[in-house]
Structure formats: structure tokens, C-alpha cells
Participant: 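Next up is a structure, given as C-alpha cells.
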Amino acid sequence: MTTNDTFPPKLSGDLPRIDGPLKVSGVAKYSSDHNLPGMLYAVPVCATIASGVITALDTAEAECMPGVQAIYHRQNIGKLFRAPATFGMRYLLDEHRPVFEDDVIRYYGQYVAAAVALSYEQAVAAAAAVKVSYKAETHNVSDELKPEEITAPHPRIDVSIGDPDAAFAAALITIDQLYKMPVETHNPIELHASVASFDGESFTLFETTQGVVNHRDVLAQMLGVLPENIRVISRFLGSGFGGKLWPWTHSLIAASAARNLKRPVKLVVSRAMMFQNVGHRPRIVQRVRLGATKEGKLLSLMQDSLNHTSMLDDYFEGCSEATGCSYNVANLRATSGIVRRNVGSSTSMRGPGAIPGIYAVESAMDELAALLNIDPVELRRINEPAQDMGLNLPFSSRHFIECVDAGAKKFGWEKRTPQIGSMKKDGLILGWGFAGGSWIAERWSAEASFDFRDDGSVRVSCAVQDIGGGTYTVLAQIISEKLGLPYDKIDVVLGDSALAAGPVSGGSWTTASIIPAVFHAIDEALKLLYHTASGVLGTAMTGQKIENFSFAKGSVQLKNAASGGGIAFEDILQKSNIRFLSGTGSGKATLGMPKRAYSTHSFCAQFAEVTWQPEIARLRVSRVVSAMDAGSIINKVPARNQIEGAVVMGVGMALLEETIYNPRFGNPINNNLADYMVVTNADAPKIEVIFVEHPDLVLNELGARGLGELGLAGVAPAITAAVYHATGVRVRDLPIRIEDLMGS
Ligand code: MOS
């Protein structure tokens, strides 16, 4: 059913965040901002070995300390359960072991107990007073990952076409290199937190989660209660980057303590614990082999990737996701394997899989370009695919070369001289590098609800979260534009598992996933509104069939009526003495669809400039131009903001970020924001973003694909390429260190 004849309208595109004023004024309540009457504070006790068993746990002193309500551990937390193995899109989590399940320590910092007290300070003191004895065993946190260490059922072959070994052996030109990436820790400014309460029957959990519905379902399993007895709320998130996609063990501590003590419990994970207990991007080692002709035509592409993971879980990075859709190569194989280490479970971090994979393959492409003395941008043109080679499917929409052209123009790429160190500006050596990228575009299944209300306002609600990407704003905008309503008449309600089941905010697919569900819900509410209008006596609409109605600018109209006229929807509700009319809608997942007609991806071309001062060994990233092909851009303000944030993160990936495990004790050494370096404003380059807009109607009616993670795709390899151009040094082990460049 169409709502008005001019839809889809031209999107106005620049609505600032509607939740911005709440955030900058401090009114927005994040999970740990919730303070409930009688609330207690929980602080975990973390293992101080990385492998071994607990031999004794002495809580006597801690239990007698001021304010202490309980010290929980394996013997007294109560029965906890495992969630079923992930099935379809249900029960998603990376650390499957319920907290305190056994006495085995498998990583440094693993929770062994938790102190609960009247104040946070008392809980910290009590946690420190718990005495734990261990029998330590040898741990392994080595960052040397070797193929012979691969854990079954890996290695697996992710994609295999043609005969890449033979094509590689026969190729005149070859590249064969190892590319390494360190552990990266998500460091959202908002710490993970859980504020749990239990009323004797039901739980309410304020959680830092990117997925309230999944969190509810997992916690219901682990606590052994019905999902309808758990409500998970996450109204605002101080970002997550994937680290808050799935539940972590602290949430189970808070909920169990609240149940046992019958008082609300707040548990905030400290920054140091965030380096141990809530995931990280794993250590990744990739071997990339390219075979090519002298003209730069790819003949063979092989990528073998390894990622580390924890002793118990199977987090798998999936580095080949983008490999099959990047280039026109008839002989292609990607394999992957996981290697166990005594670390907490790895998890998704912005652009999991594809982006590390792109770093390796794009780096190899830049090496091939240099070897052949072909312009790196030209090398991509030569190998532009007509279809997704890995999936053997056409692209729903691919405008990569248009990105390359638009980005090259903006960057001024034609002025690049290829000789190393040949470009200078203001006494600095310039390096210019390029990389392409992609990010898979899918939809999660989603439900949404839409209400017309008798006060002239409308409400859209969905158990999806706004993790900072602008979901509140985008929903207000598309409803305003579809129904012709001002923003102050639109309530957007998100982040509560009691609402219509929304998707996780992950994969950068939130917008694409909820649009179909929201539009469906609006259409259902409109049907009810038309039906109601036909029942109001004494108007031209009385007794009309719903097919004869339309809606524009807040009013119900008859399609064949002369223009003007119509009745405001609130008048129809008031005349009928109805408070609100609701419609619910749903949208199907594309992820996991057995039969696909298209490869659905977003694409980007990214150009980086570095400056290099050999005299003082000073490297800076000075400029990044990103041209993005992500379908329609619904709102350019948060969209640009997503890419800018991703570029900043990419500079960190290239130059700074690295979690270092102490070989002696197995602990992350740089477990704070002073020693784990992230990019600050002073490090951020000039960032320019171009959107190459081609609606992709395969994904949804507005043609919007995923965006946020795409912004990271080509940044690190563009920077390492630029560093090579400036210095002649190929850095294949991130992050780039000054000592790598000394003497160049
Ligand atoms: Mo993203 S790593 O799916 O939050």
C-alpha cells in the first residue's frame, strides 16, 4: 500500500542527531548511570595466573569487611547454565562458559569470585582481600601463530576456484608474503556495565549491549529462567565496536547477585578488565600469494589466515570474507584456522574478518604494483571483476571504479610520482598510498511497531539499539519524510527487549535491516487508520474501502477527492475515542539465505598521505580521502561521522593499537589508555569523505546498505602503502613502529 504518491521522496539528508542534545546535556542515561534504591556494587576478583587451577579460595577476611554483603564464587553463586550452541541467529555469544563453572583458569584475569558491598569502594577493598591460591601451569600467549598449531575442525577452505597452486607456479610474477596484525582491544569510552535487579520473579537488566534481544535470550538460558522474565534495556551506548555485541560473564555475576541478595546490583567492568574479559580482535597472521602477468593481470590469489582464540571458545575471524569479491581472478583459494592461546575469548571488532583480510590482500596488491612498476590504482582497474568470483554471483550494485575515480580526483592522485621519497612538501617527504575495500551488506531479521496517537503524535518502537551510529535520527527522518510529519511529533523508542524484536546493532546493517520492518509496520497502522476513518459517521470517508484512502502531511485523504480536504489522523482517533492505533511489521533476514541471487557488498576507495621526517624519525598521517559506495545515504551527518570515526580507528590500526601480553605472567601489559595508544585529535589526519550514491534496491526500499565498518576497510593498507612510497620500507607487521623506519 502506498502512503503517498510522491514516495520515496528525495531525502533531505542532513538532520542532526535527535539524541544529540540529550547526550551533550548529560540527560541521556547510559547503563551505569542507573542508580536504583538499595543498590549494591559488585567488583570481580580476577585470576592472577593465565593457566592452572584454583586450589583454595579464602573469603573469610573479605566477608568481615565493612559493607560487604556477599563474596560469590563457584560454591555459592547458585546454579548457572550454558546457553545452547549458537543456532541460526539465536544464542549468540563468544565466551560460552558460565562464570565460575569450574576451577580451571584459562586466561589471566578470568573471574574467580566477586565481592558485593554497599559501596563501590567497599567492594573494591573486599575483592582485593579475597585470597586465591593456584596451582599454575604453563601458559601460552605467544604471538607466533603457526599452521601446525591449528585446532580442528580447522583449517577450513573458505573458497576455492580453479587451480591456484598451478597458476601460481606457472606465473611469471609472484608475491608471497606474511602479514601480521596484533591483538587490538575495543576501547569504547563507555565501560561495559550491568545494573541488575530482580523482583522475586523477573529481572530487569540495564546492559551495555548492542543486542538487547539476544542478551535476554542468552541470560534467560544461563540463569535458567523464562525469557519473558527478563527485560534488557540499553537506551544509549557509548559505542561498542563489536565488543558489546554479545553477553559477557560479568552480566551473569550481576544478575545472579541481584537474585541471591534480592537487591539491585551494579557491576562496572574496569578499563583494565576490559583488556581481559570482554573480547578483543585476535592476533592474525596471513600468508598471501599472488601470481600475475607482467601486465598486472592476476592469475592466482591464495590467502591462508590464522587467528588466535581462547582455550575454550571458537571465535573465528573469517579473513576471506571480502577476498572473492575483490578481483577478477580465476584461480582463488582462501583457508583459515584458529590457534589456541591462554587469552580471554576473542570477539568481533569493527569489520571483523573482512578488514584484516583486506589489509593483507591490499598490501600484497601494492607490493605487486611496485614490483611491476604499475600505478597501484591502475592495477585495481586492470583487475576489476565483473562479478563476485568467490560466490559466482553478480553484484547487486558495485561502483568501485567510480569510487576510485572520485577519490583519485579529490586526492590529486595524478600528481603522484612513483619513485620512493620523490615527493616533498614543506621540507617533509610525502608518501601517497591507496587501497580498496568492501564490506558485506546484509539484513538481520527485524520487527518494529508503529502507533498513531490521538494527540497527533506517532511512535515507532523497536528492540534495536542506537550504538552511536544514528538509529534514532534515521528513524525519525524516514518517518517524517514518508508521512509528512514534523520531527516534534515523532517519538522513537529503542533499546528495550520488551519492544518488538529488533536486530543486534552489528555488521553495520541496522539501518538496512529495520527499514523494511518499520515501513511494514507503518503500512499496517495505516490500514487500521483507514478502517477506523471509514467507520467515522458523517464524512465523505464513511463506509469507504481502505484501498480508497491515502495519507499525506499528517492527514487521511480519499484518493479520488479533489486536492485539499482530508482529516487529520488525530481527529479520526478522537472522534472514535481511540488512544492509539498500532501496526506491527517485520523484515526478513538476508543473512544465511540458502539461495542467493546477488553478492551484496558496499565498496570504498581510500587514499592516504603520510609525511616523513627521517632526521627525527617522525611519521604522521596527514590526509585521508575516502570514497564510499554504500547505496543511498539516508542521512549524511551520521554517515560522514561513521566514516570519519573509522578512518581515525584505521590510523590507530596502522600506527598505534596493539595489546601486548606479558610472556611471563600472561597478562595484557598495556591495559590502560596511557599505554594502549589510540588516536587522539592531535593524531587525526584531515579527513575527506565522498559518497558515490547508487540506491541498492536489492537490500531494501530505500536502497541503503551498510556503512560504518566499511570506513575502516582500506585505511591501514593505504597507510602502509604510503609509508612504503615515502620510505621504501614495507611494514608487514602492524602497527608500524618508528624502529621499522629508522635508517630509511
Ligand atoms: Mo560490529 S564488529 O558488527 O559491532
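Numbering of ligands and ligand atoms starts at 1, following listing order. Along the sequence shown, residues carry numbers from 1.
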Participant: Which ligand 1 atoms, with their elements, are less than 4.0 angstrom from a heavy-atom of Gly506?
Facilitator: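 Near Gly506, meaning under 4.0 Å from one of its heavy atoms, ligand 1 has 3 (O).
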Participant: Has Ile157 got more than 12 heavy atoms of other residues, nucleotides or ligands less than 6.0 Å from its CD1?
Facilitator: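 It does not: Ile157 CD1 has 12 such atoms or fewer within range.
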Participant: State plainly whether the residues Glu184 and Arg350 are in salt-bridge range, i.e. N to O under 4.0 Å.
Facilitator: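 Salt bridge flag = no for Arg350 with Glu184.
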Participant: Taking only heavy atoms of Met349, which atoms of ligand 1 are found under 4.0 Å from at least one of them?
Facilitator: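 Listed by number with element: 2 (S).
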Participant: Does the side chain of Arg281 pick up a donor-acceptor pair with the side chain of Asn307 at under 3.5 Å?
Facilitator: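 No, because no side-chain N or O of Arg281 sits under 3.5 Å from a partner of the opposite role on Asn307.
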Participant: Which atom pair, heavy atoms only, marks the closest approach of Thr347 to His186?
Facilitator: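 Answer, listing the atom of Thr347 first, then His186: CG2-CE1, 3.3 Å.
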Participant: Do NZ/NE/NH1/NH2 and the carboxylate oxygens of Arg705 and Asp629 come within less than 4.0 Å?
Facilitator: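 Looking at Asp629 together with Arg705, the answer is yes, because their closest N to O distance falls below 4.0 Å.
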Participant: Which ligand 1 atoms, with their elements, are less than 4.0 angstrom from a heavy-atom of Gly507?
Facilitator: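 By the 4.0 Å cutoff, the relevant atoms are 1 (Mo), 3 (O).
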Participant: Quick test: of every protein heavy atom, which one is nearest to atom 4 (O) of ligand 1, and how far off is it to 0.1 Å?
Facilitator: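 In this structure, atom 4 (O) of ligand 1 has Gln210 NE2, 2.8 Å as its nearest protein heavy atom.
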Participant: Identify the protein heavy atom lying closest to atom 1 (Mo) of ligand 1, giving its residue, its atom name and the separation to 0.1 Å.
Facilitator: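 Going atom by atom, the protein heavy atom closest to atom 1 (Mo) of ligand 1 ends up being Glu709 OE1, 3.2 Å.
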Participant: Are any of the N/O atoms on Gly242, whether in the backbone or the side chain, positioned under 3.5 angstrom from an N/O atom of ligand 1?
Facilitator: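 Yes; at least one N/O pair falls below 3.5 Å.
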Participant: Should you measure from each heavy atom of Pro352, which atoms of ligand 1 turn up under 4.0 Å away?
Facilitator: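 So the atoms of ligand 1 that pass are 2 (S).
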Participant: For a quick test of reading the model, state the closest non-hydrogen atom pair linking Lys266 to Ser32 and the distance between them.
Facilitator: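 Minimum heavy-atom contact is NZ-O, 2.6 Å.
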Participant: Considering only heavy atoms of Arg350, which atoms of ligand 1 have at least one such atom less than 4.0 Å away?
Facilitator: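 Counting from 1, the qualifying ligand atoms are 2 (S).
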